[in-house]
Amino acid sequence: MKLNDHNHIYYQNGQLQMEGVAVSELAKQYGTPLYLYSSSVIADNFNAYKNAAKSIPTMVCYAIKANSNLAILQALAKLGAGFDIVSGGELQRVLQAGGDASKVVFSGVGKTADEMALALEAGVHCFNVESDAELSLLSRVASQRGDTARISLRVNPDVDPKTHPYISTGLRDNKFGITFEQAPAVYQRAAGLPGIEIVGVDCHIGSQLTELAPFNDAVDRLLELIAELKAQGISLEHIDMGGGLGINYSGSEAPPTKSSYLAALESKLANTGLSLILEPGRSIVGDAGVLVTQVQYLKPTAHKNFAIVDAAMNDNIRPALYQAEQRIVSVTETSDAPVQTWDLVGPVCESADFIGKDRPLALTAGDYLAQLDAGAYCFGMASNYNTRARAAEVLIAGDDHWLVRERETFADLIRGEHLLP
Ligand SMILES: Cc1ncc(COP(=O)(O)O)c(C=O)c1O
Ligand SMILES: N[C@@H](CCCC[NH3+])C(=O)O
């Protein structure tokens with residue numbers, strides 16, 4: 001079975017390996033549930049974007065919401081990545097990890113004045129402004145500081161990304177960006193505001209896209225707008241296409257490759273003089289991570305077989321939230337147990353607490369399982385629901401591995417809480 005498009009996560013003598021390390025050894029050493037990340041997969045994914053950009057200057061700004069572990073940001077910063085942030089907290093993570101603020105783009109519909117000031121102080125590359133009201137506030141904050149904010153408007157091109165409705169962002173029903181129709185007037189207003197310098201246009205139409213057509217439609221719409229703005233005397237330096245490229249969750253999907261995506265964009269942008277910004281998240285870290293869990297109890301019934309595992313919806317909420325199906329494999333392939341169909345459920349008191357349903361697996365209590373493609377939007381959306389500690393995170397490079405986030409303790413969970421006097 002080919003587990004992914006890289007050669008860094010594979011079976012050797014029936015044992016799941018990540019790079020040079022056996023997953024079962026790490027599970028024993030660090031305990032479960034446990035997130036493991038392959039730094040080689042992350043580097044391969046980032047470099048695939050860089051190498052695919054052939055004819056147009058391109059800045060790859062990793063969307064840190066996908067996985068904001070400091071060590072991952074540090075590794076990407078060392079590879080030359082820029083960063084897409086959506087909060088002051090994310091900006092502070094970038095700086096803490098040694099990232100370059102001049103390669104940061106600041107997205108998000110609800111930036112506060114304090115966050116704007118922090119980003120101006122750090123010297124971010126660009127603000128992706130998502131409303132007329134936000135533009136007014138940014139102008140005030142920047143001019144009060146005697147600063148200039150470089151801006152793009154995030155335009156909502158109203159194209160259907162053909163992905164799960166909860167992760168579609170570029171339709172007129174979505175809260176994101178400025179409508180295509182309103183954009184020219186907002187650009188005109190921006191051109192006259194103090195503390196504002198117009199540098200680009202931005203869009204992000206959704207996540208986990210598995211076709212090129214919606215990206216092509218979006219870029220066409222933005223090029224129409226760019227031409228209209230040019231006729232009105234506003235010229236732009238860059239176009240930011242956001243993130244959104246999908247990954248192969250099922251093992252049999254074929255999302256566009258990074259090189260085919262870039263080739264399509266470069267052919268559309270040829271001779272425009274625009275540089276390109278990308279904000280990929282999932283396609284950089286998604287297939288670099290696995291969530292390791294241990295089977296606690298087997299509970300077969302006449303109707304259904306439940307395997308209660310020690311990872312839960314608080315560790316990975318994607319199955320509950322988006323009906324996401326991430327593959328789950330045995331960490332050790334050899335088992336005397338027969339293959340049966342199992343629902344893999346966690347200890348949380350919710351019927352939506354499962355990491356996978358109807359999975360054919362040979363299971364014995366105590367077995368380790370690995371949920372694949374768990375590098376993006378898994379740990380990042382983890383919570384402490386049911387007073388469960390968030391998992392440990394380990395980064396692997398070759399034969400080396402580092403604990404890059406400790407498992408939380410009960411003391412961590414109640415930090416900041418106070419009993420009444
Ligand atoms: C503005 C913005 N940029 C980039 C991303 C990253 O998207 P993805 O992880 O699908 O590449 C997102 C999340 O969807 C986003 O909201
Ligand atoms: N959290 C989503 C992606 C959302 C992207 C954020 N704009 C997921 O797990 O698929």
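Note that ligands are numbered from 1 as they come in the structure, with each ligand's atoms numbered from 1 the same way.
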Identify, by atom number and element, the atoms of ligand 2 in contact range of R318, meaning under 4.0 Å from any of its heavy atoms.
8 (C), 9 (O), 10 (O)
Axial cation check for F354 ring with K357, 6.0 Å and 45° limits:
yes
In the protein, which heavy atom is nearest to atom 8 (P) of ligand 1, and how far is it?
G244 N, 3.4 Å
At what distance is the nearest protein heavy atom to atom 10 (O) of ligand 1, and which residue and atom is it?
S207 OG, 2.4 Å
Look at atom 4 (C) of ligand 2 and say which protein heavy atom is nearest, naming residue and atom and giving the distance to 0.1 Å.
I167 CG2, 3.6 Å
Rounded to the nearest 0.5 Å, how far does OG of S235 lie from NZ of K230?
7.0 Å
Heavy-atom contacts with K65 under 4.0 Å: which atoms of ligand 2 show up? List them by number with element.
6 (C)
Per-atom filter on ligand 1: closer than 4.0 angstrom to a heavy atom of R154 are 1 (C)
Quick note on ligand 1: atoms under 4.0 Å from a heavy atom of R282 include exactly 8 (P), 9 (O), 11 (O)
Which residue holds the protein heavy atom closest to atom 10 (O) of ligand 2, what is that atom called, and what is the gap in Å?
R282 NH2, 2.7 Å
Could you tell me whether D315 and R388 have a side-chain N and a carboxylate O separated by less than 4.0 Å?
yes
Does Y377 approach ligand 1 within less than 4.0 angstrom via side chain, backbone, both or neither, non-hydrogen atoms only?
side chain
Do the side chain of R154 and the main chain of V129 share a donor and acceptor less than 3.5 angstrom apart?
no
S283 N/O under 3.5 Å from ligand 1 N/O:
no
If you apply the rule side-chain contact (heavy atoms from CB on, under 4.5 Å), what do you find for Y249 with R327, and how did you get there?
CA-CA 7 Å; Y249 277 111; R327 286 169 294 161; over 6 Å; no
closest protein heavy atom to atom 16 (O) of ligand 1 is K65 NZ, 3.2 Å
Residues N4 and Y10: side-chain donor-acceptor under 3.5 angstrom:
no
Electrostatic pair D358:K304 at N-O distance under 4.0 angstrom:
yes
Give the atom numbers and elements of ligand 2 that come within less than 4.0 Å of a heavy atom of M381.
1 (N), 9 (O)
Quick test of your reading of the model: are E121 and R145 salt-bridged, counting only N-O distances below 4.0 Å?
yes
Ligand-side contact atoms (ligand 1) for residue partner A63, heavy atom cut-off under 4.0 Å
4 (C), 5 (C), 6 (C)
With nothing but distance in play, are any N or O atoms of G242 less than 3.5 Å from an N or O of ligand 1?
no
Any chance CD of E406 has more than 12 other-residue heavy atoms, nucleotides or ligands included, within less than 6.0 Å?
no
Atoms in ligand 1 with a heavy atom of D84 nearer than 4.0 Å
2 (C), 3 (N), 4 (C)
Subset of ligand 2 atoms that lie under 4.0 Å from at least one heavy atom of Y322
1 (N), 2 (C), 8 (C), 9 (O), 10 (O)
Identify whether the distance between the nearest side-chain nitrogen and carboxylate oxygen of K65 and D84 falls below 4.0 Å.
yes
Tell me whether ligand 2 is touched by Q208 - counting only heavy atoms on the residue side and a distance under 4.0 Å.
no
What part of H204 sits under 4.0 Å from ligand 1 if we count only heavy atoms: the side chain, the backbone, both or neither?
side chain
Specify whether Y62 and F83 have parallel, tilted or perpendicular ring planes, treating 30° as the upper limit for parallel and 60° as the lower limit for perpendicular.
perpendicular
Taking the side chain from N51 and the backbone from N47, do they hold a donor-acceptor pair closer than 3.5 Å?
yes
Heavy-atom contacts with P280 under 4.0 Å: which atoms of ligand 1 show up? List them by number with element.
11 (O)
Ignoring angles and geometry beyond distance, decide whether G281 reaches within less than 3.5 Å of ligand 1 through its nitrogen or oxygen atoms.
yes
Check ligand 1 against E279 and write out every atom of the ligand that is under 4.0 Å from a heavy-atom position of the residue.
1 (C), 2 (C), 3 (N), 4 (C), 5 (C), 6 (C), 11 (O)
Heavy-atom donor-acceptor pair, D310 side chain to Q294 backbone, under 3.5 Å
yes
Sub-4.0 Å heavy-atom contact, A66 with ligand 1
no
